S.K.: 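Pasting in a structure now, in structure tokens, and then I'll have a few things to ask.
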Amino acid sequence: MQQEDHYDLITVIKQLQESAKETVEERIKAEALFTSIGDGAMVTDEKGRVTKVNKTALELLGFSRKELMGKWFPGAVVALNSEGEPIEAMERPLTLVFLSGKTVSQKARYVKKDGGQLPVYITVSPIVLEDKPIGAIEVFRDISREDEIDRLKSEFISTASHQLRTPLSAINTYANMLSGGFQGELTKGQEKYLNIIIKASARMNELISTLLDISRIEAGKISHNPEKIDILALINGIITEQKRMAEIKKIKITVQHKKNLPVVISDPLLLGEIYSNLISNAIKYTPKKGRVDIELKVSQNELIFSVKDTGYGIPAALHNRIFTKFFRAENAARHETTGTGLGLYLAWQIAEVLGGRLWFKSRENVGSTFYFALPIEADST
Ligand code: ADP
């Protein structure tokens with residue numbers, strides 16, 4: 001062997017030793033990172049069998065390492081949905097990740113070894129090697145404190161709203177009596193001020209109703225009373241209630257539908273709440289002299305309501321936040337200062353209770369169309 005070759009070999013061996021050391025160091029670091037994650041963490045192979053689980057996961061769930069290692073995770077640890085029913089294996093994030101190849105998050109309750117329940121926020125991501133999924137990593141966070149705070153908040157809102165109702169109805173009654181001349185004739189100025197008081201108390205009453213509806217729905221206490229509904233009468237009633245606002249803004253409202261609408265069986269109050277919210281938003285977020293076009297269509301097994309406006313629209317970047325609680329887009333709030341950001345959140349919750357689908361299309365400065373699809377019996381026409 002020549003001198004040069006010899007040196008080369010030594011260099012290569014040294015490099016190999018270095019890189020082996022680096023790999024070991026990397027592995028130790030990754031291991032330390034995995035063990036020290038403050039949340040429950042677990043790795044599975046491509047079949048969803050646990051190959052690694054950290055101490056926090058074991059402590060949170062109450063299982064020993066031996067009881068989980070090598071087990072198919074959805075089988076080893078049961079997850080419950082918000083109704084307390086077991087989530088099927090096909091709906092578990094771990095399965096969804098293998099099906100979609102994408103990160104999936106889910107709120108659920110894990111059943112611990114002692115039978116207790118642990119509210120968790122789960123995020124599962126695929127581990128991909130050369131384009132092939134070779135497993136998944138799941139991290140789950142204990143959200144019992146957040147859940148409890150949420151519950152207390154809802155309880156507080158519900159109690160406070162009930163307490164506000166009584167004094168508010170006194171304000172409303174007496175303001176109406178004064179305005180009706182029960183205490184003598186009013187000057188123009190007095191009348192004007194009283195009208196402002198009456199309008200403001202009506203708005204507050206509406207807000208309280210929304211808050212109460214939300215706390216009821218969040219507590220799972222909303223009553224769902226399905227009955228036969230005359231859909232057109234329901235929609236026309238809502239339009240009559242909101243006509244005044246549309247007239248002031250010179251907005252034209254149209255309703256289109258096919259001749260024979262199907263018989264719809266649903267809860268008229270809940271369904272009316274969704275329609276009314278969508279129609280009032282369309283009027284509210286459309287500038288003067290615009291249009292609001294309502295349409296009812298029937299697809300195979302759904303009644304599809306849509307309301308299209310020529311309004312301010314919703315900026316694309318905000319589309320995914322529109323149904324969240326208290327959210328208001330700046331472009332709309334600039335024109336229309338009164339609003340709570342609760343209407344669409346409530347509509348979304350009600351849509352779930354009714355088993356329907358709610359969605360929208362919108363372009364800023366062009367307009368929006370909101371849709372609500374309600375399931376109907378296939379042969380109810
Ligand atoms: P609120 O109307 O009280 O603000 P909503 O929950 O009904 O609350 O609506 C949330 C936000 O969604 C509104 O503040 C507005 O930014 C946007 N939005 C809803 N409907 C429309 C619409 N038809 N056109 C434009 N923006 C809308």
Side-chain angles (χ1 to χ4, degrees), residues 154 157 161 164 199-218 222 235 238-239 241-246 248-256 269-296 304-354 356-373:
S154 299
I157 288 177
S161 314
L164 286 171
K199 265 197 207 140
S201 73
R203 263 217 319 271
M204 201 151 151
N205 202 24
E206 246 171 58
L207 176 61
I208 291 174
S209 299
T210 307
L211 288 172
L212 281 173
D213 283 348
I214 287 178
S215 57
R216 250 188 309 240
I217 222 163
E218 284 181 342
I222 202 95
I235 288 177
I238 293 168
I239 295 176
E241 273 170 26
Q242 306 194 2
K243 223 181 186 161
R244 184 89 196 98
M245 177 71 154
I248 293 172
K249 293 177 82 177
K250 296 196 169 58
I251 288 173
K252 192 172 153 67
I253 304 181
T254 67
V255 184
Q256 260 192 33
L269 287 179
L270 297 180
L271 187 63
E273 184 76 33
I274 296 184
Y275 290 165
S276 157
N277 247 306
L278 300 183
I279 297 172
S280 75
N281 275 350
I283 302 172
K284 198 155 110 183
Y285 299 116
T286 295
K288 279 187 178 158
K289 296 188 181 153
R291 286 182 65 97
V292 168
D293 298 309
I294 298 166
E295 199 179 347
L296 282 165
I304 302 175
F305 163 93
S306 66
V307 50
K308 181 174 182 215
D309 64 52
T310 55
Y312 310 121
I314 300 159
L318 304 178
H319 281 197
N320 58 352
R321 299 176 62 190
I322 278 304
F323 293 110
T324 54
K325 215 181 200 174
F326 296 118
F327 181 77
R328 303 198 72 210
E330 218 270 318
N331 70 320
R334 219 177 23 236
H335 294 283
E336 188 57 59
T337 46
T338 59
T340 56
L342 289 172
L344 286 180
Y345 170 75
L346 180 63
W348 182 267
Q349 305 290 325
I350 296 178
E352 263 186 18
V353 174
L354 298 182
R357 300 184 295 127
L358 184 60
W359 75 101
F360 69 94
K361 288 180 191 155
S362 182
R363 273 181 62 195
E364 196 175 1
N365 298 323
V366 177
S368 316
T369 310
F370 277 80
Y371 301 86
F372 178 63

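Remember, it's 1-based here, ligands and their atoms both numbered in the order they're listed. This chain uses plain numbering: 1 for the first residue, then up along the sequence. Everything numeric here is computed off the predicted structure, so don't read it as measured data.
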S.K.: Would one find an N or O of Lys284, backbone or side chain, under 3.5 Å from an N or O of ligand 1?
M.R.: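 Checking ligand 1 against Lys284, an N or O pair does fall under 3.5 Å apart.
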
S.K.: Which ligand 1 atoms, with their elements, are less than 4.0 angstrom from a heavy-atom of Leu342?
M.R.: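 Ligand 1 atoms under the 4.0 Å threshold to Leu342: 6 (O), 8 (O).
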
S.K.: Under 4.0 Å from a heavy atom of Ser368: give me the atoms of ligand 1 that qualify, with their elements.
M.R.: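 In order of numbering, the contacting atoms are 22 (C), 24 (N), 25 (C).
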
S.K.: Would you name the heavy atoms of Ile304 and Ala373 that are closest together and state the gap between them?
M.R.: CG1-CB, 4.0 Å

S.K.: With under 30° as parallel and over 60° as perpendicular, where do the rings of His319 and Phe360 fit, or are they tilted in between?
M.R.: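 Taking Phe360 first and then His319, their aromatic rings stand perpendicular (interplane angle over 60°).
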
S.K.: Pick one of side chain, backbone, both or neither for how Asn331 approaches ligand 1, counting any non-hydrogen atom pair under 4.0 Å.
M.R.: neither

S.K.: Can any side-chain N or O of Asp309 pair as donor or acceptor with the backbone N or O of Ser368 at less than 3.5 Å?
M.R.: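 Yes, Asp309 side chain to Ser368 backbone: donor-acceptor pair under 3.5 Å.
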
S.K.: Out of Leu344, Val307, Asn281, whose heavy atom sits nearest atom 6 (O) of ligand 1?
M.R.: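 Comparing heavy atoms across Leu344, Val307, Asn281, the nearest one to atom 6 (O) of ligand 1 lies in Leu344.
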
S.K.: Could you tell me whether a side-chain N or O of His335 sits under 3.5 Å from a main-chain N or O of Tyr285, the two making a donor and an acceptor?
M.R.: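 Not a single qualifying donor-acceptor pair exists.
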
S.K.: Aromatic rings Phe323 and Trp348: how do their planes relate, parallel, tilted or perpendicular, breaks at 30° and 60°?
M.R.: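 Ring orientation of Phe323 relative to Trp348: tilted.
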
S.K.: Any atoms of ligand 1 less than 4.0 Å from a non-hydrogen atom of Ile322? List them with their elements.
M.R.: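 Going through ligand 1 atom by atom, the ones under 4.0 Å from Ile322 are 12 (O), 17 (C).
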
S.K.: How close do Thr254 and Arg291 get, heavy atom to heavy atom, and via which atoms?
M.R.: CG2-NH2, 3.7 Å

S.K.: Using heavy atoms and a 4.0 Å limit, tell me yes or no: is Gly313 in contact with ligand 1?
M.R.: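 Yes.
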
S.K.: Run the numbers for me: atoms of ligand 1, each under 4.0 Å from some heavy atom of Gly343, listed by number.
M.R.: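 In order of numbering, the contacting atoms are 5 (P), 6 (O), 7 (O), 8 (O).
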
S.K.: Which residue and atom name correspond to the protein heavy atom nearest atom 13 (C) of ligand 1, and how close is it?
M.R.: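 Among all protein heavy atoms, the one nearest atom 13 (C) of ligand 1 is Tyr285 OH, 3.6 Å.
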
S.K.: Going by the order shown, which atoms of ligand 1 are within less than 4.0 Å of some heavy atom of Phe327?
M.R.: 10 (C), 11 (C)

S.K.: So is Asn277 polar-close to ligand 1, meaning N/O to N/O under 3.5 Å?
M.R.: no

S.K.: Taking the minimum heavy-atom distance to atom 15 (C) of ligand 1, which of Gly339, Ala333, Ala332 ranks first?
M.R.: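 Considering heavy atoms of Gly339, Ala333, Ala332, the nearest to atom 15 (C) of ligand 1 sits in Ala332.
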
S.K.: Taking atom CZ of Phe372 and atom CG of Leu278, what is their separation to the nearest 0.5 Å?
M.R.: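 With rounding to 0.5 Å, CZ (Phe372) is 9.0 Å from CG (Leu278).
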
S.K.: Looking only at protein heavy atoms, which one is nearest to atom 4 (O) of ligand 1, and what is the separation?
M.R.: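 Answer for atom 4 (O) of ligand 1: Arg328 NE, 2.6 Å.
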
S.K.: Which protein heavy atom lies closest to atom 23 (N) of ligand 1, and at what distance to 0.1 Å?
M.R.: Asp309 OD2, 2.9 Å

S.K.: Tell me: protein heavy atom nearest atom 16 (O) of ligand 1, and distance?
M.R.: Ala329 N, 2.9 Å

S.K.: First locate atom CD of Glu241, then atom OG of Ser280, and finally report the distance between them rounded to the nearest 0.5 Å.
M.R.: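 It comes to 10.0 Å.
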
S.K.: I'd like to know whether NZ of Lys308 has more than 12 heavy-atom contacts from other residues, nucleotides or ligands below 6.0 angstrom.
M.R.: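 At most 12 heavy atoms, drawn from other residues, nucleotides or ligands, come within 6.0 Å of this atom.
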
S.K.: Can you sort out which atoms of ligand 1 are near Ile314, meaning under 4.0 Å from one of its heavy atoms?
M.R.: 25 (C), 26 (N), 27 (C)

S.K.: Keeping Lys249 on the side-chain end and Thr286 on the backbone end, is there a donor-acceptor pair under 3.5 Å?
M.R.: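 Checked: pair present.
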
S.K.: Counting distance only, does the side-chain N/O of Ser362 pair as donor-acceptor with the main-chain N or O of Ile314 below 3.5 Å?
M.R.: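 Checked: pair present.
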
S.K.: Taking distance alone, with N or O pairs closer than 3.5 Å, would you say Tyr312 contacts ligand 1?
M.R.: no

S.K.: Counting only heavy atoms not in Lys252, do more than 12 sit closer than 6.0 Å to its NZ atom?
M.R.: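 No, not enclosed.
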
S.K.: To the nearest 0.1 Å, how far is atom 3 (O) of ligand 1 from its closest protein heavy atom, and which atom is that?
M.R.: Thr340 N, 2.7 Å

S.K.: Could you see which bit of Phe370 sits under 4.0 Å from ligand 1, with heavy atoms only: side chain, backbone, both or neither?
M.R.: side chain

